[in-house]
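The structure appears below as structure tokens.
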Amino acid sequence: TGLSGVQCKRRGNSIDTGEIAEGDLRDEVAKALKFQPRLQGDFILATTGARDAKIQEVAREITQDHQARGLFSVHVFAWEDIQGEIGKHTSVFATHFGDLVATVRDFDRDRPDDVSRESYPAAAYARGSGALAIAVSVRDGGASLDSEHQAQIDAIRAILKKGNAELALEQGEALRARVWAAASAPAKAHLLALIGHAKLELGDDQAAAKLLIETVVHASTDAPSQANAALGHMLQGSEKAARTWANMALAQVPSSAIAVQVAAILDERSDDDVLAAYEATFGARSELFSALGERARRRLDLTAAAAWFAKAAELAPDAANTLAIAGQMAIDRISFRVGVCGIPTAPEREELQRSVELIERAWSLVKDDGARRARVAWIARRTVAKQLLGTIDAGVSADEVLALGGDRAEFIMLRVSVASGAGDHEKVIELVDRLADPPPDMRGARAAARANRGDLVGSLAEWERILPLDLPPDLREQ
């Protein structure tokens, strides 16, 4: 009790990262004894240097002597002690890191109670015309961080868990620029992982892979970092390295969702054997069934893939990526069987409708514009399903794909297919004209559209230009 004092200690004009010597401490204590009004509580010597066990022992010895004489206690606060104290006091944290507090405050109002320990899924990455890759989950890291950096990283993680990937990436990059030089190795690893997963959410796979692999440069024995490195190597196609890091992570934490998925995907055993092996330690969880679905998709077994992903969706009814993967996989399986212009059976129509509902439910859960752009293949597959179902809003769905994905050839050709099926000949011509180098089937669609508009001369000229090309038999016959 009584008045306390703090003396900040550094030398010259630069931050002193050296140790406080015993003489320094005793000199400052001697000065503190002369303070007016008199100190009766604590005297703290605060330094930017590292914590030193020897100087802490000297402080304790001085305190014991002072207590016997009714004087103040003596403490030395190293930089890590100061960071720890800041992390304990939210008002102090808000004063010095207001940018983070302001951005996360709105999200905290309605944040689920268990958000600090929940997993969040990364993107169901769509490549090409809608091929699927694994939906991974990432949890809070396991390494112990200093309080200051832990609080900042947790704040950004909460933003990412709420689905605001662009904001999380912006805040993560800003934090990295601000604290990197002073951050501990575990904090660097966690920050790289956070930025990497934000980039994954936004579809920047290769940039994310490099960051995830870099985490083990700073925390090579940390299981979450090892799991992230495994994912990064898998994204880069380095399967041997991915297996190695996944197995290292699982040796420490058998329940690591990322490590289990990477290991399961790359496991050369049968699906049944893989399920039995990982279910024993990981449990019958959505992430495991998603991994089994990805295995099946990679070997082009669309029926098995659809079944595994459907099981994953049952176990995670509010996980956007899992729902979308299940829907996409069912649509791919049916469209592969009947073709884009084919006629699905009655059970297939019911499955297509359920798949559309899954994708639309998933889409409603993704709020971030950048994350939606990264998932444009979801809407492309929904468009295929609507086309097979013959719904009147298939064109609206295809237009949404173009608005999100831009004039990529695959999306223009999807819109051409929908317009052709709907008899919108003007739209077919306008769309094919937007292609820089239309393939023969698109040029054939334009020729047919011109004929249907009554432009027989233009149609004939188009067909005559197409005929000398190397054509598949059905197009040549047309």
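You'll find the side chain of Trp363 reaches within 4.5 Å of the side chain of Ile379, heavy atoms only. The shortest side-chain heavy-atom distance between Glu400 and Val376 does not fall under the 4.5 Å cut-off. By the 4.5 Å heavy-atom criterion applied to side chains, Trp308 and Glu294 are not counted as neighbours. Contact check for Glu170 versus Glu166: no side-chain heavy atoms found under the 4.5 Å cut-off. When side chains are defined from C-beta on, Phe43 counts as touching Gln7, because their heavy atoms get closer than 4.5 Å. Within the 4.5 Å cutoff, side-chain heavy atoms of Leu212 are placed close to those of Leu200. Considering only heavy atoms from C-beta on, Met329 comes within 4.5 Å of Asp332 through its side chain. Within the 4.5 Å cutoff, no side-chain heavy atoms of Arg333 are placed close to those of Gln328.
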Q) Passes side chain to side chain contact (heavy atoms under 4.5 Å, CB included), Ser290 versus Thr322? Steps please. A) CA-CA 7 Å; Ser290 289; Thr322 304; 4.2 Å; yes
Q: Give the intermediate values and the outcome of side chain to side chain contact (heavy atoms under 4.5 Å, CB included) for residues Asp271 and Arg299.
A: CA-CA 12 Å; Asp271 286 353; Arg299 63 176 184 265; 2.5 Å; yes
(Q) Is there a side chain to side chain contact (heavy atoms under 4.5 Å, CB included) between Leu402 and Arg434? Walk through the geometry before answering. (A) CA-CA 12 Å; Leu402 285 174; Arg434 284 159 63 177; 4.3 Å; yes
(Q) Evaluate Glu357 against Arg361 for salt bridge (charged side-chain N to carboxylate O under 4.0 Å, His left out), listing each step before the verdict. (A) CA-CA 6 Å; Glu357 292 169 359; Arg361 164 67 176 157; over 6 Å; no
Q: Step by step, work out the side chain to side chain contact (heavy atoms under 4.5 Å, CB included) result for His66 and Leu33.
A: CA-CA 10 Å; His66 277 203; Leu33 288 168; 4.1 Å; yes
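Ion pair Lys31/Glu28 flagged as a salt bridge, since at least one NZ, NE, NH1 or NH2 atom sits closer than 4.0 Å to an Asp/Glu carboxylate oxygen. Look at Asp369 and Arg372 and you find no salt bridge, because none of the NZ, NE, NH1 or NH2 atoms lies under 4.0 Å from a carboxylate O.
Nearest heavy-atom pair across Ala394 and Thr383 is O-CG2, 3.7 Å. Closest non-hydrogen pair, Leu39 versus Gly5, comes out as CD2-N, 3.8 Å. When all heavy atoms of Ala230 and Ala246 are compared, the closest pair comes out as CB-N, 3.5 Å. Contact record, Leu250 with Ser256: CD2-O, 4.2 Å, taken as the closest heavy-atom pair. For Ala296 against Ala305, the heavy-atom pair with the smallest separation is CB-N, 3.4 Å. The shortest heavy-atom contact between Val418 and Ala398 is CG2-CB, 4.3 Å.
The CD atom of Glu239 lies 5.0 Å from the CG atom of Leu266; values are rounded to the nearest 0.5 Å. Here Glu410 contributes atom CD and Arg415 contributes atom CZ; the two are 16.0 Å apart, rounded to the nearest 0.5 Å. Once rounded to the nearest 0.5 Å, the distance linking CG of Leu191 with CD of Glu173 reads 8.0 Å. The distance from atom CG of Leu167 to atom CD1 of Ile156, rounded to the nearest 0.5 Å, is 9.0 Å. Rounding to the nearest 0.5 angstrom, the gap separating the CZ atom in Arg375 from the CD1 atom in Ile359 is 13.0 Å. Expressed to the nearest 0.5 Å, how far NE2 of His233 lies from CH2 of Trp245 amounts to 7.0 Å.
Here the options are Leu211, Leu169, Leu231, the test is side chain to side chain contact (heavy atoms under 4.5 Å, CB included), and the partner is His197; only Leu231 passes. Just one of Leu323, Leu358, Ile325 meets the side chain to side chain contact (heavy atoms under 4.5 Å, CB included) condition when paired with Phe309; it is Ile325.
Looking only at atom types and distance, the side chain of Ser73 has no donor-acceptor partner in the side chain of Thr63 under 3.5 Å away. There is no side-chain donor-acceptor pair under 3.5 Å between Gln171 and Gln152. Between the side chains of Asn228 and Ser225, no donor-acceptor pair of N or O atoms lies under 3.5 Å.
Under a 3.5 Å cut-off, the side chain of Ser286 and the backbone N or O of Ala312 do form a donor-acceptor pair. Looking at Gln236, its side chain never comes within 3.5 Å of a backbone N or O of Gln206 through a donor-acceptor pair. Proximity of a side-chain donor or acceptor of Asp368 to a complementary backbone N or O of Ala371 within less than 3.5 Å is detected. Here the side chain of Ser270 pairs a donor or acceptor atom with the backbone of Asp273 at under 3.5 angstrom. Here the side chain of Asn247 pairs a donor or acceptor atom with the backbone of Arg243 at under 3.5 angstrom. Of the possible donor and acceptor atoms, one in the side chain of Asp24 sits under 3.5 Å from a partner among the backbone N and O of Ala21.
Under the side chain to side chain donor-acceptor pair (under 3.5 Å) criterion, Asp267 pairs with Arg269, Tyr278, not counting sequence neighbours.
Counting heavy-atom neighbours within 6.0 Å of Phe35 CZ, excluding the residue itself, gives a total above 12.
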